[in-house]
> 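First the structure, which I've put down as structure tokens, then a few questions once you've had a look.
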Amino acid sequence: MKTIQELNDIRKQMRAELNLDGKTNSNIRVTVGLATCGIAAGAEPVFKAFQKEVKRLGLTNVKIIQSGCLGMCKHEPMVEVTEAGKEKVTYIALAADSAKRIAEEHLAGGKPVMDFVIGNE
């Protein structure tokens, strides 16, 4: 990156990918914390499980992204589900099988899985 224009182009591309401008068909964003703390706690299989389940369920409106630390290492693996017009839901202490349940009940069914929501543990 050598110019401001290159930086602006990258910013524009990332905003589109993350649906920050509301111009894509992804209205649900699943953010999996994959910093060292998350990886050590088992976040990689959770990330892969979400990818697999979203594909299996045919959920074209869901975008799965990875993030660095989500800020509460003791609760890893953590996932944040952000939907347009709704409050963010933060899931904690997940495993691959819980990702399947969240994909089915929350992402496809619209109902958060309270068993894994922070504050309900």
> Could you tell me which residues satisfy side chain to side chain contact (heavy atoms under 4.5 Å, CB included) with Thr36, sequence neighbours excluded, listed by chain and number?
none

> Nearest heavy-atom pair of Ala35 and Gly68: which atoms, and what distance?
CB-C, 3.7 Å

> Is there a side-chain contact (heavy atoms from CB on, under 4.5 Å) between Val113 and Tyr91? Walk through the geometry before answering.
CA-CA 8 Å; Val113 181; Tyr91 291 108; 4.1 Å; yes

> By ring pair (Phe, Tyr, Trp, His ring centres under 6.0 Å), which residues pair with Phe50, not counting sequence neighbours?
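Testing Phe50 for ring pair (Phe, Tyr, Trp, His ring centres under 6.0 Å), a comparison that skips the adjacent residues, returns none.
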
> Looking at Glu87, I want to see if its CD is surrounded by more than 12 non-hydrogen atoms of other residues, nucleotides or ligands under 6.0 Å.
no

> Rounded to the nearest 0.5 Å, what separation is found between the CD1 atom of Ile92 and the CZ atom of Phe116?
10.5 Å

> Excluding sequence neighbours, so at least two apart, what forms salt bridge (Lys or Arg N to Asp or Glu O under 4.0 Å) with Lys88?
Glu80

> Does Glu105 have any salt bridge (Lys or Arg N to Asp or Glu O under 4.0 Å) partners at least two apart in sequence or in another chain, and if so, which?
Arg101

> Please give me the minimum heavy-atom distance between Pro112 and Val89, naming the atom from each residue.
CG-CG2, 4.2 Å

> Take His75 and Ile118 through the test side-chain contact (heavy atoms from CB on, under 4.5 Å) and record every step on the way to the result.
CA-CA 9 Å; His75 293 299; Ile118 191 164; 4.1 Å; yes

> With Phe47, which of Ile64, Ile65, Val79 fulfils side-chain contact (heavy atoms from CB on, under 4.5 Å)?
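It is Ile64, the one option of Ile64, Ile65, Val79 that forms the side-chain contact (heavy atoms from CB on, under 4.5 Å) with Phe47.
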
> Please find the pair of heavy atoms, one from Cys69 and one from Cys73, that lie closest to each other, and give the distance.
SG-SG, 3.7 Å

> Between Ile28 and Lys63, is any pair of side-chain heavy atoms under 4.5 Å apart?
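Contact flag for Ile28/Lys63 side chains = no.
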
> For Glu44, give me all partners under side chain to side chain contact (heavy atoms under 4.5 Å, CB included), at least two apart in sequence or on another chain.
Leu34, Ile39

> Which atoms form the tightest heavy-atom contact between Glu76 and Cys37, and what is the distance?
OE2-SG, 3.9 Å

> Among His106, Lys100, Glu104, find the residue that satisfies the side-chain contact (heavy atoms from CB on, under 4.5 Å) test when tested with Ile102.
His106

> Looking only at heavy atoms, what is the nearest atom pair of Gly42 and Pro77, with distance?
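Reported closest heavy-atom pair: C-CG, 3.7 Å.
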
> How far apart are the closest heavy atoms of Ser67 and Thr31, and which atoms are they?
CB-CG2, 3.4 Å

> Checking Lys86 now: which residues fulfil side chain to side chain contact (heavy atoms under 4.5 Å, CB included) with it, not counting sequence neighbours?
Glu83

> Please walk me through it: do Leu107 and Val81 pass side-chain contact (heavy atoms from CB on, under 4.5 Å)?
CA-CA 9 Å; Leu107 305 180; Val81 176; 3.9 Å; yes

> For Asn61 and Leu59: C-alpha separation, side-chain torsions, deciding distance, then whether side-chain contact (heavy atoms from CB on, under 4.5 Å) applies.
CA-CA 5 Å; Asn61 64 326; Leu59 301 175; 4.0 Å; yes

